[in-house]
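Here is how names work: the chains are called A, B, and so on, in the same order as the sequence lines, proteins then strands, and each is numbered from 1.
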Protein chains: 2
Amino acid sequence: MGKRAEALELAVLGLLHDAPLHGYELRKRVNSLLGWGRAFSYGTLYPTLKAMVRLNYLAEDEPVDTMVPPASHRSGRRGRIAYRLTPEGKERFAELLTQTGPSAWDDEHFGVHFAFFGRADADTRLRILIGRRSRLQEKLDQFRTSLSRTRERLDAYTVELQRHGLESVEREVKWLDGLISAEQRSMDPSPGATPTPGAGQPPAPVTGNEGENGR
Amino acid sequence: MGKRAEALELAVLGLLHDAPLHGYELRKRVNSLLGWGRAFSYGTLYPTLKAMVRLNYLAEDEPVDTMVPPASHRSGRRGRIAYRLTPEGKERFAELLTQTGPSAWDDEHFGVHFAFFGRADADTRLRILIGRRSRLQEKLDQFRTSLSRTRERLDAYTVELQRHGLESVEREVKWLDGLISAEQRSMDPSPGATPTPGAGQPPAPVTGNEGENGR
DNA sequence: GAATCGATGTATCGAACCGATACATCATGT
DNA sequence: ACATGATGTATCGGTTCGATACATCGATTC
């Protein structure tokens, strides 16, 4: 199926879980959900949607009122197609949510999985976070060794690029550390006391985030 | 030609500028040069190399001694092919170095261009840095608006993901700010005084980098 | 009121690209 | 002797992208 489409599948399932959407809107949400990363194109989205319909994870609805202002006449319209999750789709979503292999913490996958952490159980969350962390740690190590091997013959700009790349990954690791310890704090503290009902809040991540947004 | 292969072309030209290399080694260097980003596969590298040979930017050398320890017998060897830059290749490299459009500050391209800043003139460097900065600023803006539009209905993990993504881009912008002002400082300060000879150092970037690697 | 424009919307195609694999040599270990 | 793993060149099938075609709608403008 391809890594990329795999990530897209999860994103679609997650976004459609609450409400049906049509392709255009779906694409916007997926791409803003992942934000920083590469955007999905229609050439990927529509084939994937069709495949998911074929697998019976999705069903197509012709008329949808979402956002159509007056629901007026529209006779010969080539209407928008709203995609809706089937029961099998919900199962599939639940199944993907519990996955904890590399298919959850790879670069392509981690973002989507994290975005739906609220729907996963604490155990899965922790496993994925830790897996992701060690994945980054690997990258960091081989990075550092390759840097120290060639440090002499690099010009200053190249070095600066490497340094900046390294620093970014290091920050990522620290971010994960905060998230991990927050998760652990919220599941450990006293066995038998308020075991986080239902799905749950993220346990107050330890980022140095001072809120600059009014509201 | 495709954005990705375009970036690869510049990387190959730059790496081969100093010394000939064979494919395997070339790939390793390209991918460690770019570090954080996606790695190039052989399925991209070899076709690109062939295309560049066809365009006469590169020439193939059969026997190469680089790193072959004892240079022993090897009779029926299917030897490594060393790629070497032709004069046309050097021209092409110089041409690509002076480009300052989006093809220099896009996500795909910026890293490679930056890596070879030492070979570009100060003017080009500054234009690319500024272009890159405004590119990121755009992304930042649309990010922030899309966030404030949907802030209410997002669960906490999704918000945290967005926040982290935003912070990363913000850091990137600050990094660029440091580089930009450093460049400006090194070309402006007093017209006629030590105008940075030849290619030059990167002008002491203003990162708050405390070295924590014990070497 | 028609004409232009940009946003919204579905859909597909060719080209670009990746991931896996085949194949071969060599050093090393057992 | 045989396996294992690093080095090395090369290609193929399938995935994914970027561009485009096409269509409807609301707003703006003359």
**Report entry** Any A/Arg4 side-chain nitrogen or oxygen under 4.0 Å from OP1 or OP2 of D/dC17
**Finding:** yes
**Report entry** Whole-Å gap separating C1' (D/dT7) and CG (B/Asn31)
**Finding:** 16 Å
Query - 5′-ward residue of the pair B/Tyr42/B/Lys28 relative to DNA chain D - result: B/Lys28
Requested in this report: Return the value, rounded to whole Å, for the distance between atom OH of B/Tyr24 and atom P of D/dT9.
Outcome: 10 Å
Query raised in the report: What integer distance in Å separates B/Glu60:CD from D/dG8:C1'?
Result: 14 Å
Report task. Remember a base hit wins even if backbone is also touched, and classify A/Gly43 as base, sugar-phosphate or nothing at under 4.0 Å, heavy atoms. Result -> base
Query raised in the report: Any chance the rings of A/Trp36 and A/Phe110 have centres within less than 6.0 Å?
Result: no
Requested in this report: Strictly below 4.0 Å, heavy-atom distances to any atom of DNA chain D: list the hits from residues 46-53 of chain A, or just say none.
Outcome: none
Query raised in the report: Are the charged groups of A/Lys3 and A/Asp107 less than 4.0 angstrom apart, N to O?
Result: no
Query raised in the report: So does A/Glu167 pair up with A/Arg163, basic N to acidic O under 4.0 Å?
Result: yes
Query raised in the report: Taking it one step at a time, do B/Ile81 and B/His22 satisfy side chain to side chain contact (heavy atoms under 4.5 Å, CB included)?
Result: CA-CA 5 Å; B/Ile81 299 167; B/His22 50 253; 5.6 Å; no
Report task. Would you indicate, yes or no, if D/dC17 has its OP1 or OP2 atom less than 4.0 angstrom from a side-chain nitrogen or oxygen of A/Ser41? Result -> yes
Query raised in the report: Do we get B/Arg27 above B/Tyr42's six-membered ring, with its NZ or CZ under 6.0 Å from the centre and within 45° of the axis?
Result: yes
**Report entry** Cation-pi geometry met for B/Arg119 and B/Phe93 (6.0 Å, 45°)
**Finding:** no
